[in-house]
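Remember, it's a predicted structure, so these values are computed and weren't measured experimentally. For this chain, numbers begin at 1 and follow the sequence in order. Below, all heavy atoms of this structure are taken into account, side chains as well, without hydrogens, waters or symmetry copies.
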Amino acid sequence: MKLTDLRGILQYIPQFRDKTFILAINGDIVTDDNFATLLLDVALLWSLNIRVVLVHGASAQIKALAEDRHVTASDLDGAGVTDAVTLDLALSAATRLTHEILEGLSANDLRAACPNVIIAHPLGIIQGVDHLFTGKVERVDSELLQLLLNQGVVPVIPPLGFDGEGKTYRVNSDGVALAVAEQLKAIKLIFVTSQDGVLHHGQLIRQMLVAELGKLVQQDGAGFQPEMLSKAQHAIAACNVGVPRVHVINGTMDEGLLGEVFSNHGLGTLIYANEYEHIRPAKKKDVRAIQMLTKQAVEAEELVKRSKAMLEKSLGDYFMFEVDKNPVACVAFHIYPEQNQGELACLYVSSSHENQGIGRKLIQFVENRARELGLSELLALSTQAFTYFQSKGGFAEGTPDDLPPARREKYEQSGRNSKVLVKKLK
Ligand SMILES: CC(C)(COP(=O)(O)OP(=O)(O)OC[C@H]1O[C@@H](n2cnc3c(N)ncnc32)[C@H](O)[C@@H]1OP(=O)(O)O)[C@@H](O)C(=O)NCCC(=O)NCCS
């Protein structure tokens with residue numbers, strides 16, 4: 001690990017301190033080789049005062065146990081009909097699994113407990129089919145959960161619910177995770193699966209606004225595999241009840257959890273409740289961020305080198321594009337009032353966020369400002385992205401004669417021989 005990674009992590013700490021994350025772990029992850037590492041990461045999150053609750057599924061174990069016992073399970077994931085045999089399988093498999101998780105947490109010196117916090121009632125008869133011992137989460141005993149969390153105890157919640165008469169019901173673990181996340185006002189619900197994230201027609205969804213995912217599920221729900229459709233539906237429900245971020249990650253990957261939590265470019269899927277990106281004017285503290293961001297492009301001669309003093313002098317012209325409060329792109333907008341022209345410069349999008357339309361949003365942003373000011377032309381100079389400005393930004397190739405005289409002089413001195421791009425605004 002590099003020291004700069006540590007800096008990257010530290011910036012998230014104030015945001016996450018004393019907040020709650022719900023980790024919804026698929027049963028098959030518990031038996032994966034990487035599970036011990038995942039629990040180590042949970043211990044790390046706790047050490048940073050992040051309150052982590054574990055909810056787990058048990059489908060894989062119910063399936064295996066049914067095979068061992070030579071019986072057939074009526075349903076595996078707690079969404080279909082649970083007959084008496086399957087309830088027995090679920091009780092044995094889930095209890096065993098909870099125990100394994102408690103063992104793993106103990107091995108990481110974490111105090112943990114399995115409380116009966118899920119109050120359920122029978123799902124009942126749906127379209128004429130009695131779902132028998134399948135339950136629906138009615139309530140979460142959040143008081144008990146808070147009590148445990150306040151004492152630094154990690155709650156481990158199996159996919160089982162209890163009613164007021166002491167009966168047990170099999171509940172769907174995604175539903176449990178959703179209910180717990182809502183009740184505890186969690187800031188993150190993280191589904192830990194054995195897939196890379198939510199796939200739609202085999203294509204990984206990296207980041208998506210909840211409204212867009214809702215549309216996709218409605219219009220083309222068949223494009224998701226059943227397990228991922230459930231994750232997508234629960235992610236939508238979670239965002240709609242106030243959980244700002246839902247992640248779906250691959251728990252078999254080393255660093256999958258930490259990579260997702262402590263970076264803007266996790267490897268899995270992020271569903272977010274609101275626009276978490278925005279463009280703002282650069283501040284003094286951004287000088288370093290601009291230099292760090294553009295370092296690679298400067299080395300590749302895509303951008304001209306700007307010293308700290310140069311940046312500080314014209315900082316008022318710079319804008320930062322933030323994702324979750326972290327700068328991932330920048331742009332500058334210089335104005336030449338005498339010629340009624342503007343110049344878009346220093347456009348850079350971090351490689352982790354390429355091809356997501358951020359470059360276009362920044363061009364549009366600068367163009368809008370130029371139009372608001374009534375400028376007649378927007379200029380840009382580029383050595384390697386001129387076709388980008390043409391095809392994505394609507395610029396046309398110009399000549400150095402299009403530049404304001406002082407700018408032209410600088411252009412000639414630089415010897416960079418950049419292409420001049422012009423966009424007429426009037
Ligand atoms: C050029 C740059 C700003 C694009 O940002 P971005 O946010 O990734 O771009 P968008 O998401 O808006 O657009 C992506 C599209 O542009 C294309 N594209 C990206 N870089 C390109 C380039 N240098 N030349 C031509 N096309 C390019 C992509 O292939 C993609 O095409 P598609 O939509 O047809 O698949 C970014 O790659 C960058 O920072 N480059 C280095 C710095 C630089 O050259 N800046 C310009 C000088 S001021």
Side-chain angles (χ1 to χ4, degrees), residues 277-323 325-350 353-354 357-386 388-390 392-396 398 400-416 418-426:
E277 341 172 303
H278 89 141
I279 302 171
R280 61 159 177 82
K283 300 179 203 149
K284 201 154 182 221
K285 67 167 191 187
D286 294 316
V287 168
R288 202 181 133 74
I290 297 171
Q291 285 185 312
M292 294 295 286
L293 259 176
T294 55
K295 192 167 174 262
Q296 238 182 336
V298 170
E299 280 164 8
E301 290 188 27
E302 288 168 317
L303 292 180
V304 69
K305 189 170 164 66
R306 291 161 172 88
S307 68
K308 188 165 173 260
M310 272 166 78
L311 284 170
E312 277 174 351
K313 204 167 143 220
S314 54
L315 197 61
D317 289 357
Y318 283 78
F319 297 87
M320 312 301 292
F321 188 101
E322 284 190 335
V323 172
K325 297 194 180 139
N326 292 296
V328 299
C330 59
V331 73
F333 174 41
H334 307 301
I335 304 165
Y336 306 104
E338 280 175 34
Q339 290 76 24
N340 208 25
Q341 288 176 316
E343 180 189 349
L344 182 156
C346 198
L347 174 65
Y348 182 77
V349 179
S350 134
H353 283 73
E354 270 175 1
I358 296 176
R360 265 170 286 189
K361 282 184 190 168
L362 284 170
I363 293 179
Q364 193 59 54
F365 172 80
V366 168
E367 191 181 317
N368 289 348
R369 285 183 91 87
R371 286 185 192 277
E372 277 163 23
L373 293 172
L375 302 185
S376 57
E377 270 180 4
L378 189 59
L379 306 162
L381 297 179
S382 177
T383 54
Q384 290 162 47
F386 46 89
Y388 174 77
F389 282 104
Q390 287 168 316
K392 312 292 176 198
F395 283 72
D401 289 337
D402 291 307
L403 300 173
R407 183 67 183 95
R408 180 169 179 176
E409 205 176 305
K410 240 170 92 189
Y411 170 88
E412 273 156 10
Q413 279 166 3
S414 79
R416 282 169 58 81
S418 312
K419 288 219 191 251
V420 177
L421 297 138
V422 185
K423 183 160 187 176
K424 299 244 181 269
L425 304 179
K426 284 187 175 165

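Tyr411 places a side-chain N or O within donor-acceptor distance of the main-chain N or O of Ser418, the cut-off being under 3.5 Å. Ser307 contributes a side-chain N or O that, together with a main-chain N or O of Met310, makes up a donor-acceptor pair within less than 3.5 Å. Judged purely by atom type and a 3.5 angstrom limit, Gln384 uses its side chain to pair as donor or acceptor with the backbone of Ala300. Judged purely by atom type and a 3.5 angstrom limit, Ser382 uses its side chain to pair as donor or acceptor with the backbone of Ala385. Gln341 places a side-chain N or O within donor-acceptor distance of the main-chain N or O of Asp402, the cut-off being under 3.5 Å.
Residues passing the side chain to side chain donor-acceptor pair (under 3.5 Å) test with Gln296, sequence neighbours excluded: none. Applying the side chain to side chain donor-acceptor pair (under 3.5 Å) rule to Tyr388 yields no partners; only residues at least two apart in sequence or on another chain are considered. Remark: Ser414 pairs with Arg416 by the side chain to side chain contact (heavy atoms under 4.5 Å, CB included) rule, at least two apart or across chains. For Glu367, the side chain to side chain donor-acceptor pair (under 3.5 Å) criterion is met by Arg371, Lys423, not counting sequence neighbours. In terms of the side chain to side chain donor-acceptor pair (under 3.5 Å) criterion, residue partners of Arg280 (sequence neighbours excluded) are, by chain and number, Asp286, Glu322.
Rounding to the nearest 0.5 angstrom, the gap separating the CZ atom in Arg288 from the CG atom in Leu293 is 11.5 Å. Distance check, rounded to the nearest 0.5 Å: CG of Asn340 to OG of Ser376 gives 4.5 Å. We find the CG-CG distance between Leu303 and Leu347 to be 8.0 Å, quoted to the nearest 0.5 Å. Separating the CD1 atom in Ile279 from the CD1 atom in Ile358 is a distance of 9.5 Å, to the nearest 0.5 Å. Note: Tyr336 OH to Leu375 CG = 11.5 Å, rounded to the nearest 0.5 Å.
A ring pair (Phe, Tyr, Trp, His ring centres under 6.0 Å) check over residues 282-301, counting only residues at least two apart or in different chains, returns nothing.
The number of heavy atoms from other shown groups lying within 6.0 Å of CD (Glu299) is above 12. Shown here is Glu301, whose CD atom has no more than 12 heavy atoms of other residues, nucleotides or ligands within 6.0 Å. The 12-atom threshold is not exceeded at CD of Glu409, counting heavy atoms of other residues, nucleotides or ligands nearer than 6.0 Å.
The minimum heavy-atom distance between Ala396 and Gln390, with the atom names listed, is C-NE2, 4.5 Å.
Within the 4.5 Å cutoff, no side-chain heavy atoms of Val331 are placed close to those of Cys346. Side-chain contact between Leu378 and Val366: present, with at least one pair of heavy atoms (C-beta onward) separated by less than 4.5 Å.
Phe333 and Phe319 have their aromatic ring centers separated by at least 6.0 angstrom.
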